[in-house]
Participant: 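Dropping a structure here in structure tokens format, bear with me for questions.
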Amino acid sequence: MIKFHILTLFPDLFSGFLKESILARAQKQGLIEIYVYNLRDWGIGKHNQVDDSPYGGGTGMVIMMEPIDVAIKEITKDWMPKKNRKILLTPQGKIYNQKKAEDLSKYENVLLICGRYEGFDERIRALVDEELSIGNYILNGGEVAAMAVVESVFRLLPGVLTKEEATRIETFHDGLLEYPQYTRPEDYYGKKVPPVLLSGNHAKIEKWRHEQAVKKTIEKRPDLLDGRD
Ligand code: ADE
């Protein structure tokens with residue numbers, strides 16, 4: 001069982017996401033718990049201030065050290081060392097990938113801190129175990145990145161996907177792109193489904209699918225095969 005803790009200034013962004021079908025099912029089954037915290041609850045003074053203008057001048061606001069520091073301390077106070085991870089989502093982080101998702105799926109608690117606005121006080125970086133980016137583009141904040149991390153990790157947990165889904169992914173994915181899939185109709189204005197899929201010969205179908213996955217990967221994403229035979 002994994003627990004995700006999301007620290008954000010926009011908790012409402014997560015309400016629809018958390019109700020999504022497979023994620024909702026996994027939460028009901030007790031395979032995953034997700035807690036969303038509003039950073040403003042740790043804001044300072046009567047206005048619950050969380051950001052301030054930058055030293056040295058310049059436009060925009062910077063998220064302050066104190067609300068994040070105190071929030072992290074409170075959220076993580078009962079955590080056992082080693083089995084948990086504190087992550088800051090930022091375009092300055094290491095690029096997130098499937099391998100990282102697999103690593104994260106082994107922790108008991110994962111704290112995802114979403115930045116917003118122009119940035120945060122540089123000293124916040126020292127409060128976390130690592131910084132992650134979901135790609136070389138700039139989002140308004142870490143919320144969408146946090147969703148990407150949660151979704152990619154939880155689907156790896158045993159019991160989340162049905163046995164059939166998991167087997168299919170293990171057998172064929174194995175670092176490859178998905179094989180091509182087809183559904184009805186068999187012939188769409190002359191665009192036909194490959195005949196092997198209609199043959200009923202399962203061994204042949206499996207072989208074809210694997211070949212197609214390899215072919216697709218070589219054509220579209222040869223980088224995924226780096227270091228493989
Ligand atoms: N916050 C803003 N842009 C981001 C990105 N690409 N990845 C993670 N967090 C971000």
Side-chain angles (χ1 to χ4, degrees), residues 1-2 4 6 13-14 16-29 31-32 34 85 87 89 91 93-107 110 112 132-139 142-229:
M1 214 264 280
I2 190 166
F4 277 104
I6 300 165
L13 285 177
F14 291 88
F17 172 70
L18 295 179
K19 282 189 239 138
E20 182 274 328
S21 64
I22 303 181
L23 194 48
R25 186 177 77 193
Q27 289 174 92
K28 269 208 199 92
Q29 290 174 324
L31 300 169
I32 177 174
I34 304 179
R85 204 83 183 137
I87 295 168
L89 294 155
K94 269 222 199 92
I95 299 288
Y96 186 67
N97 59 20
Q98 191 64 23
K99 167 83 177 50
K100 193 80 226 168
E102 279 160 25
D103 291 349
L104 288 182
S105 71
K106 312 215 162 80
Y107 286 94
V110 177
L112 300 171
L132 290 179
S133 163
I134 60 160
N136 292 327
Y137 41 82
I138 311 292
L139 302 164
E143 285 77 9
V144 168
M147 290 181 207
V149 170
V150 170
E151 186 153 317
S152 55
V153 170
F154 97 88
R155 60 192 297 290
L156 297 173
L157 303 173
V160 166
L161 299 182
T162 63
K163 216 172 162 196
E164 197 188 338
E165 288 163 341
T167 311
R168 187 163 69 83
I169 288 162
E170 263 167 38
T171 316
F172 293 101
H173 258 199
D174 184 31
L176 300 173
L177 296 180
E178 178 77 279
Y179 54 76
Q181 305 240 55
Y182 298 86
T183 186
R184 285 184 300 180
E186 233 176 271
D187 183 335
Y188 186 75
Y189 302 109
K191 293 187 196 309
K192 297 202 173 98
V193 172
V196 60
L197 297 177
L198 312 171
S199 69
N201 181 334
H202 286 290
K204 235 166 109 181
I205 292 172
E206 277 186 23
K207 183 164 175 282
W208 181 85
R209 284 180 164 166
H210 184 67
E211 284 164 4
Q212 292 295 314
V214 172
K215 190 164 161 243
K216 225 181 215 269
T217 311
I218 292 169
E219 278 168 16
K220 292 184 158 176
R221 291 293 309 276
D223 56 298
L224 295 178
L225 298 169
D226 284 351
R228 286 172 62 142
D229 255 353

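What you see below is based on every heavy atom in this structure, not just the backbone, and it leaves out hydrogens, waters and symmetry mates.
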Participant: Could you check whether any side-chain heavy atom of Ile87 comes within less than 4.5 Å of a side-chain heavy atom of Val149, counting everything from C-beta outward?
Facilitator: no

Participant: Starting from the C-alpha separation in whole Å, work towards a yes-or-no answer on side chain to side chain contact (heavy atoms under 4.5 Å, CB included) for Asp187 and Val193.
Facilitator: CA-CA 6 Å; Asp187 183 335; Val193 172; over 6 Å; no

Participant: If you take all heavy atoms of Ala148 and Ile134, which pair is closest and at what distance?
Facilitator: CB-CG2, 4.2 Å

Participant: Would you sort out whether Phe4 and Leu112 count as a side chain to side chain contact (heavy atoms under 4.5 Å, CB included), showing the intermediate values?
Facilitator: CA-CA 7 Å; Phe4 277 104; Leu112 300 171; 3.9 Å; yes

Participant: Would you say Arg221 and Leu177 make side-chain contact, with heavy atoms under 4.5 Å?
Facilitator: yes

Participant: Taking side chain as C-beta onward, heavy atoms only, is Leu224 less than 4.5 Å from Leu176?
Facilitator: no

Participant: Just checking Tyr188: does its OH atom have more than 12 heavy atoms from other residues, nucleotides or ligands closer to it than 6.0 angstrom?
Facilitator: no

Participant: Write down the atom of Leu89, the atom of Ala145, and the distance for their closest heavy-atom approach.
Facilitator: CD2-CB, 4.0 Å

Participant: Could you list the residues that satisfy side chain to side chain donor-acceptor pair (under 3.5 Å) with Lys99, not counting sequence neighbours?
Facilitator: Asp103

Participant: Would you say the side chain of Tyr179 lies within less than 4.5 Å of the side chain of Lys216, judging by non-hydrogen atoms?
Facilitator: no

Participant: For Ser133, give me all partners under side chain to side chain donor-acceptor pair (under 3.5 Å), at least two apart in sequence or on another chain.
Facilitator: none

Participant: Please enumerate all residues that pass salt bridge (Lys or Arg N to Asp or Glu O under 4.0 Å) together with Arg25, with sequence neighbours excluded.
Facilitator: none

Participant: What are the two closest non-hydrogen atoms of Gln27 and Leu18, and how far apart are they?
Facilitator: NE2-O, 2.9 Å

Participant: For Pro158 and Leu31, which heavy atoms make the closest approach, and how far apart are they?
Facilitator: O-CD2, 3.9 Å

Participant: Please check this pair: side chain of Tyr96 against backbone of Gly93, looking for a donor-acceptor N/O pair closer than 3.5 Å.
Facilitator: no

Participant: Write down the atom of Phe17, the atom of Glu151, and the distance for their closest heavy-atom approach.
Facilitator: CE1-OE1, 3.4 Å

Participant: Show your working on side chain to side chain contact (heavy atoms under 4.5 Å, CB included) between Thr217 and Val214 and close with a plain yes or no.
Facilitator: CA-CA 5 Å; Thr217 311; Val214 172; 5.7 Å; no

Participant: Should we count CG of Asp223 as having more than 12 external heavy atoms under 6.0 Å?
Facilitator: yes

Participant: Under 6.0 Å from the CD atom of Glu186, do we count more than 12 heavy atoms belonging to anything else shown?
Facilitator: no

Participant: Is it true that Lys207 and Glu211 have a side-chain N and a carboxylate O under 4.0 angstrom from each other?
Facilitator: yes

